[in-house]
J.: 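Mind looking over this structure? Questions follow.
Only this structure's heavy atoms are used, side chains among them; waters, hydrogens and symmetry mates stay out. In what follows, residues are counted from 1 in the order of the sequence shown.
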Amino acid sequence: MCYASNRLRHYVRHFGTNNIHGSVARNEKKRPFAELRGPSHIPYIGFINDILNLGHPKDLHRTITKYHKQFGQIFKIKISTIDAVFISNPEMMRNVFAYEGKFPRHPLPNAWTYYNQKHNCKRGLFFMDGEEWLHYRQILNNLILRDANWMAGPVEKICDRTINSMLDDVDFADGKHLIRIDNMEEKLYKWSIEVILSIMLGNSYSDETAKRIENLVKTFAGTVYNIFLYSSKLMTVPPKIADILQLPAWKRFEQVVPETLEIASTIINNILDEAEHGDGLLVKLQKNISSREVLIRIFADLMIAAGDTTAFSTLWSTYLLAKNLEVQEQVRSGIGEGELESSLIRGTVREALRLYPVAPFIGRFLDSDAVIGGYCLPANTLVLLSLHTAGRDADNFYSPLKFLPQRWVRDSNKGYPFSPCSVHASLPFAIGSRSCIGRKIALYQMHVLLTKILKSYRLLLKNETGVHSELKMVTVPNTTIQLNFEKL
């Protein structure tokens with residue numbers, strides 16, 4: 001597949017009742033795929049169409065929103081020779097998953113797949129398909145989706161350690177009450193990776209173990225950051241061409257991927273012997289997976305995924321709380337004694353994921369012919385859910401640009417209308433059998449960290465200019481978010 005279609009692959013959740021918006025009304029005529037509108041495509045100019053239609057990759061989420069306003073809640077756009085369909089209607093979005101089949105296929109970053117093929121590099125669950133994917137997915141489902149309570153202790157321990165480490169290296173801006181937290185993004189990267197390690201080892205992830213591999217974890221966090229950085233730089237050129245031309249972005253990407261995988265392997269091999277004496281996920285998995293190589297592949301990709309997605313989701317949450325002090329006080333006052341997951345804390349994270357979804361597009365290749373939005377879509381069509389657009393649409397959310405954690409509390413009496421469609425307009429973890437395997441881990445660790453911070457500190461935003469989102473594989477701030485912690 002050409003590079004342009006894979007630009008969209010980088011941004012890559014129940015099934016609905018049939019209605020005029022979602023599938024097709026009972027008496028409505030099904031319309032052929034050829035009638036589906038979208039941006040024009042000029043023959044014979046190839047990838048120039050993609051440059052003209054898609055614009056700069058960092059603004060792709062805004063470009064697609066513009067097209068939804070122009071063409072409606074479902075439109076198609078030709079990416080080189082491939083027809084991609086974008087959807088922003090909640091009913092249509094959830095109906096996509098009815099057509100994902102037994103072995104759902106999702107878009108993959110082109111640079112990553114090219115690297116894997118070139119170097120015959122086998123990766124973890126995210127890159128698996130077919131029977132192999134289903135086998136390991138079912139094992140992990142039983143351990144970290146259906147029975148996740150055992151993970152609470154390790155997560156809470158790492159959150160405490162992270163907050164303490166923030167205070168070990170601080171700049172007091174006003175006596176000892178106002179604390180400036182530098183490199184918040186870097187600290188959250190390390191925190192998210194350590195959470196995965198603590199879940200792997202359970203009670204055997206001691207302070208001594210953490211200290212022993214501290215430098216490895218710090219280095220790993222840096223290389224993960226670079227993987228996403230150089231992936232984003234390769235969005236406008238086919239990786240094969242970048243490889244032939246030996247472009248700097250490809251040379252660094254090809255260098256940093258094996259470095260990252262090697263560090264992950266070193267970390268895991270370093271702690272496997274200790275894992276046998278613990279109660280973590282590694283011990284549980286070894287009962288079902290005998291291959292050390294497969295264990296390393298699975299955990300390496302879990303750590304890579306956690307580094308970027310959970311860190312930036314948490315960063316956006318702290319930004320929104322610091323920017324909206326009145327809402328922050330409401331969220332804080334809603335935390336009960338000894339509580340780590342209040343309804344407003346959960347709402348805070350959902351609002352951050354609605355306004356700033358780390359993956360603004362979730363994609364699936366249709367397993368069979370489908371009827372969505374009244375249009376007949378052929379099998380193997382790439383369908384992408386426009387989460388950024390749907391999450392900011394006034395048809396889906398009351399005052400969509402406002403940060404209102406209360407909107408997710410269904411029994412609240414705050415006067416914020418809650419529509420059932422709102423749930424399906426914000427699907428940051430997808431739904432269906434290939435939904436995010438780490439969603440329970442990610443949500444719980446975000447809830448716990450935010451709760452512990454808010455119980456002791458007031459978050460204050462110090463940015464003097466506005467902050468907006470841009471795409472670098474995931475949704476990131478266009479500038480460094482500057483925070484102060486004020487001791488309560």
Side-chain angles (χ1 to χ4, degrees), residues 13 124-126 134-164 188 190-210 212-213 217 264 267-292 294-307 309-311 313-314 335-343 345-346 349 429 431 433-452:
R13 244 172 149 356
L125 201 65
F126 183 72
L134 183 61
H135 173 69
Y136 293 113
R137 174 69 192 223
Q138 289 176 337
I139 293 172
L140 286 166
N141 280 350
N142 291 328
L143 294 174
I144 62 179
L145 286 182
R146 298 191 184 114
D147 177 23
N149 292 333
W150 62 272
M151 297 185 293
V155 170
E156 292 164 24
K157 181 178 180 180
I158 297 303
C159 289
D160 285 333
R161 180 184 292 157
T162 297
I163 294 173
N164 290 334
L188 291 175
K190 184 173 180 290
W191 159 73
S192 61
I193 292 168
E194 280 201 290
V195 165
I196 297 296
L197 291 173
S198 71
I199 289 170
M200 289 166 62
L201 285 176
N203 59 23
S204 64
Y205 189 61
S206 62
D207 292 341
E208 293 76 16
T209 302
R212 177 161 50 85
I213 63 174
V217 171
I267 291 172
I268 296 167
N269 278 313
N270 201 289
I271 62 178
L272 269 174
D273 291 338
E274 296 176 34
E276 296 176 1
H277 307 290
D279 57 353
L281 186 55
L282 272 173
V283 168
K284 300 176 188 294
L285 277 178
Q286 284 177 319
K287 297 175 182 178
N288 298 283
I289 302 174
S290 59
S291 169
R292 177 174 284 209
V294 173
L295 285 172
I296 291 173
R297 284 166 52 193
I298 289 174
F299 276 109
D301 276 1
L302 277 176
M303 290 193 294
I304 289 172
T309 55
T310 310
S313 295
T314 309
I335 301 173
E337 185 68 29
E339 193 172 34
L340 293 175
E341 284 193 292
S342 71
S343 59
I345 284 289
R346 288 190 288 267
V349 173
F429 300 102
I431 57 174
S433 58
R434 195 151 195 165
S435 60
C436 176
I437 190 66
R439 65 183 182 271
K440 283 195 173 182
I441 300 173
L443 287 172
Y444 187 68
Q445 69 182 92
M446 286 190 280
H447 297 162
V448 172
L449 187 73
L450 291 172
T451 298
K452 287 178 177 290

J.: Taking all atoms of both residues into account, what is the closest heavy-atom pair of Ile335 and Thr451, and its distance?
T.: CG2-CG2, 3.8 Å

J.: How would you list, by chain and number, every residue that makes a side chain to side chain contact (heavy atoms under 4.5 Å, CB included) with Arg137, sequence neighbours excluded?
T.: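 In terms of side chain to side chain contact (heavy atoms under 4.5 Å, CB included), with neighbours along the sequence ignored, Arg137 is linked to Leu125, Trp133, Asn141, Leu145, Ser435, Ile437, Arg439.
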
J.: Is there a side-chain contact between Ile298 and Leu295 (heavy atoms, below 4.5 Å)?
T.: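 Result no, sub-4.5 Å side-chain heavy-atom pair not found.
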
J.: Can you list everything that forms a side chain to side chain donor-acceptor pair (under 3.5 Å) with Glu337? Sequence neighbours excluded, please.
T.: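 With neighbours one apart ignored, the set is empty.
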
J.: Does any non-hydrogen side-chain atom of Met200 lie less than 4.5 Å from one of Leu197?
T.: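 Counting from C-beta outward, Leu197 and Met200 do come under 4.5 Å.
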
J.: With side-chain contact (heavy atoms from CB on, under 4.5 Å) as the criterion, how do Phe299 and Leu285 come out once you've worked through the C-alpha distance, each side chain's angles and the decisive distance to 0.1 Å?
T.: CA-CA 11 Å; Phe299 276 109; Leu285 277 178; 3.5 Å; yes

J.: When you compare the side chain of Leu443 with that of Arg346, does any pair of heavy atoms fall below 4.5 Å?
T.: no

J.: Among residues at least two apart in sequence or on other chains, which ones pass side chain to side chain contact (heavy atoms under 4.5 Å, CB included) with Thr310?
T.: Trp191, Ser192, Ala306, Thr314, Ala442, Gln445, Met446

J.: Can you check whether Ile193 reaches Ile267 side chain to side chain, under 4.5 Å on heavy atoms?
T.: no

J.: Report the residues that fulfil side chain to side chain contact (heavy atoms under 4.5 Å, CB included) with Asn288, sequence neighbours left out, ordered by chain and then residue number.
T.: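 Only Ile139 meet the side chain to side chain contact (heavy atoms under 4.5 Å, CB included) criterion with Asn288.
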
J.: Below 4.5 Å, heavy atoms only, C-beta onward: do Thr162 and Leu188 meet side chain to side chain?
T.: no

J.: State which residues pass salt bridge (Lys or Arg N to Asp or Glu O under 4.0 Å) with Lys190; sequence neighbours excluded, sorted by chain then number.
T.: Glu194

J.: Measuring from atom CG of Leu340 to atom CD1 of Ile345, what distance do you get when rounded to the nearest 0.5 angstrom?
T.: 9.5 Å

J.: Suppose we screen for side chain to side chain donor-acceptor pair (under 3.5 Å). Which residues come up paired with Tyr444, at least two apart in sequence or across chains?
T.: Glu156

J.: Considering non-hydrogen atoms only, spot the tightest contact between Met151 and Pro154 and give its length.
T.: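 Shortest heavy-atom contact: O-CD, 3.2 Å.
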
J.: Could I get the full list of side chain to side chain contact (heavy atoms under 4.5 Å, CB included) partners for Asn269, not counting sequence neighbours?
T.: Ser265, Leu272, Arg292, Ile296

J.: Take Asp207 and Lys157 through the side-chain contact (heavy atoms from CB on, under 4.5 Å) test and state the conclusion after the steps.
T.: CA-CA 10 Å; Asp207 292 341; Lys157 181 178 180 180; 4.2 Å; yes

J.: What residues form a salt bridge (Lys or Arg N to Asp or Glu O under 4.0 Å) with Arg434, not counting sequence neighbours?
T.: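 In terms of salt bridge (Lys or Arg N to Asp or Glu O under 4.0 Å), with neighbours along the sequence ignored, Arg434 is linked to Asp129.
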
J.: How many angstroms lie between atom CD1 of Ile158 and atom OH of Tyr205, to the nearest 0.5 angstrom?
T.: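 OH of Tyr205 is found 5.0 Å from CD1 of Ile158.
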
J.: What distance do Glu341 atom CD and Glu339 atom CD have between them, rounded to the nearest 0.5 Å?
T.: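 Answer rounded to 0.5 Å: 8.5 Å.
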
J.: Suppose we screen for side chain to side chain donor-acceptor pair (under 3.5 Å). Which residues come up paired with Thr209, at least two apart in sequence or across chains?
T.: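 Checked Thr209 against side chain to side chain donor-acceptor pair (under 3.5 Å); matches are Ser206, Glu274.
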
J.: Using the test side chain to side chain donor-acceptor pair (under 3.5 Å), find all partners of Lys452 that sit at least two apart in sequence or belong to another chain.
T.: Asp160

J.: Report yes if some heavy atom in the side chain of Leu302 is under 4.5 Å from a heavy atom in the side chain of Ile441; otherwise report no.
T.: no

